[in-house]
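Report on one structure; see the data block that follows.
Remember, it's 1-based here, ligands and their atoms both numbered in the order they're listed. The residues of the chain are indexed from 1 along the displayed sequence.
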Amino acid sequence: MTETPRTAVAPPASDVDPFTAEHLEHPEPLHRALREAGPVVHLTRYDVHALARYEEVYAALTDWQSFESGAGAGLANFRHEKPWRPPSLLLEADPPHHDAPRRVLREILAPPALRRLRESWQARAEELVATVVAREGTEFDAFTTLAAAFPLRVFPDAVGLGPEGRENLLPYGNMAFNAFGPRNGLVEADASRMAELSGWVSAQCTRESLGDDGFGARIWAAADRGDLTPEQAPLVVRSLLTAGVDTTVHGLAATLYAFASHPDQWQRLRKRPELARVAFDEAVRWQSPVQTFFRTASSDVTVAGSVIPEGHKILMFLGSANRDPDRWADPDRFDLGRDPSGHVGFGMGIHQCVGQHVARLEAETLLTALARRVEHIELAGEPRRHLNNTLRSWAALPVRIRPAR
Ligand code: OVM
């Protein structure tokens with residue numbers, strides 16, 4: 001970002017609320033309007049500056065010096081407002097504090113460290129798909145049966161979580177992702193369970209409650225080596241539990257929705273199952289399970305001629321950047337033939353999703369098993385969204401399949 005020019009222009013203003021049910025349910029018209037209004041749009045209702053074009057979203061994500069995360073990655077400005085929980089050491093931190101937790105988690109979740117999980121995740125995907133394919137009738141809710149069931153089968157075990165209370169994981173993540181938005185009805189609906197869910201998650205982050213062969217134990221081992229302090233370790237475990245479940249559940253749901261609504265692309269995957277990873281990234285681009293994140297200007301920052309005043313928030317529309325026609329050819333099409341790399345569905349820059357290799361391994365193992373056993377998949381009814389201030393999430397995805405012979 002550049003110095004403040006003498007000729008700063010006032011950005012176009014809008015009183016739109018992106019967090020209403022209408023826009024959360026169908027974000028595309030709002031995204032198009034914001035992209036067309038200009039590179040920066042002042043949202044007067046929240047006094048934040050919206051970026052909806054790929055170029056500006058990418059630039060802001062990769063400029064942590066101008067746009068800090070330490071004041072929160074949601075609407076709440078931690079300079080003035082008390083966070084609902086102790087801030088994340090990863091998402092809600094800046095260098096240099098961010099660096100040690102990031103390095104520790106990056107190594108634990110890096111592709112070489114995940115190799116030992118592949119075989120068992122393949123086996124669990126085969127089991128799950130076999131039960132679905134063997135059922136009487138071939139119509140079912142792919143959200144519950146596959147998208148939610150698979151991550152819940154593999155991820156908590158990989159972390160080393162105990163067996164009790166795992167049903168709290170999705171509600172906790174839903175609450176955390178709502179909390180990035182304004183205090184609307186979605187946040188109020190979570191309020192009654194906040195203390196209970198936060199208490200449960202905190203209790204899972206101690207050394208004693210984690211198995212000795214999982215991501216959690218490796219985080220504690222990093223503390224034993226001195227790569228983290230003992231105070232940091234439970235908060236790094238908490239990041240796994242916050243960011244690692246709902247994201248993959250709704251990312252897999254997006255992928256299954258993409259295939260159920262594009263049967264020709266399913267045939268393409270069946271012929272070339274090695275496209276599973278590309279398919280997942282293309283679905284993440286096309287649906288953007290994480291729709292938005294905020295940053296805070298750490299000085300007066302000029303974006304495309306408009307000044308974002310120091311201490312003010314920007315609202316980055318990842319889902320809109322991922323469908324910007326200036327960046328993507330035929331952006332609204334889910335297409336296994338395109339190269340989706342460069343999408344900002346996992347963010348970009350120093351905060352880019354540290355768990356993305358875990359997510360891709362879940363997607364690869366599940367999709368490969370499905371591609372082998374399912375000849376055809378289509379929608380069997382209207383999919384239902386679950387509304388969340390940040391996640392593009394699902395309540396039901398009715399599908400019909402024809403098992404392969
Ligand atoms: C965290 C975290 C990181 C990314 C996303 C997120 C709730 C949370 O470190 O807790 O969403």
Side-chain angles (χ1 to χ4, degrees), residues 19 61 64 67-76 78 83-95 97-109 151 155-156 159 161 168-183 186-187 190 193-194 197-205 215-216 219 222 228 231-251 284 288-296 315-316 318-319 344-360 386-393:
F19 301 96
L61 283 168
W64 58 267
F67 293 114
E68 65 184 55
S69 292
L75 176 63
F78 295 174
W84 69 279
R85 60 175 196 171
S88 164
L89 302 181
L90 290 134
L91 182 73
E92 295 157 337
D94 298 297
H97 311 286
H98 167 262
D99 302 342
R102 173 78 188 195
R103 186 174 308 120
V104 165
L105 207 49
R106 193 200 331 115
E107 278 173 23
I108 292 170
L109 304 179
F155 185 72
V159 173
L161 226 55
N168 292 324
L169 287 167
L170 283 172
Y172 181 78
N174 183 61
M175 179 172 79
F177 280 97
N178 272 330
F180 293 121
R183 291 201 189 148
L186 293 170
V187 170
D190 293 332
R193 296 199 66 194
M194 185 150 130
L197 292 170
S198 298
W200 179 81
V201 164
S202 296
Q204 309 314 306
C205 296
F215 300 144
I219 290 167
L228 291 174
E231 291 74 33
Q232 288 176 313
L235 282 172
V236 176
V237 178
R238 193 193 68 181
S239 284
L240 285 182
L241 301 183
T242 312
V245 186
D246 300 63
T247 47
T248 50
V249 164
H250 297 293
V284 170
S288 301
V290 175
Q291 287 272 298
T292 45
F293 267 130
F294 294 77
R295 296 283 189 263
T296 308
L315 167 49
M316 304 175 294
L318 309 180
V344 292
F346 287 124
M348 199 52 77
I350 65 167
H351 291 283
Q352 192 184 32
C353 180
V354 74
Q356 59 185 283
H357 307 292
V358 181
R360 290 201 187 96
H386 168 83
L387 298 190
N388 181 282
N389 278 334
T390 303
L391 294 174
R392 187 158 197 183
S393 46

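Closest heavy-atom approach to atom 9 (O) of ligand 1 among the candidates C353, S88, P87, P101: S88. Distances from atom 8 (C) of ligand 1 to the heavy atoms of N178, T242, L235 put T242 nearest. With distances taken over non-hydrogen atoms, the option nearest atom 10 (O) of ligand 1 out of R85, E92, R238 is R85.
F293 and F180 have perpendicular rings, their planes meeting at more than 60° on a 0 to 90° scale where under 30° would count as parallel.
Considering only heavy atoms from C-beta on, N389 stays 4.5 Å or farther from F177 through its side chain. Taking the side chain as every heavy atom from C-beta outward, L235 and R238 approach each other to under 4.5 Å.
When all heavy atoms of L228 and P101 are compared, the closest pair comes out as CD2-CA, 3.8 Å.
Taking every non-hydrogen atom of A243 and a distance limit under 4.0 Å, the qualifying atoms of ligand 1 come out as 2 (C), 3 (C), 4 (C), 5 (C), 6 (C), 8 (C). Atom numbering of ligand 1 starts at 1 in the shown order; those under 4.0 Å from a heavy atom of F177 are 6 (C), 7 (C), 11 (O). Here is the list of ligand 1 atoms found below 4.0 Å of a heavy atom in F180: 7 (C), 11 (O).
Of the heavy atoms in S239, both backbone and side-chain atoms come closer than 4.0 Å to ligand 1.
For CZ of R183, the number of neighbouring non-hydrogen atoms (other residues, nucleotides, ligands) closer than 6.0 Å is 12 at most.
Aromatic pair H351/H98: centroids less than 6.0 angstrom apart.
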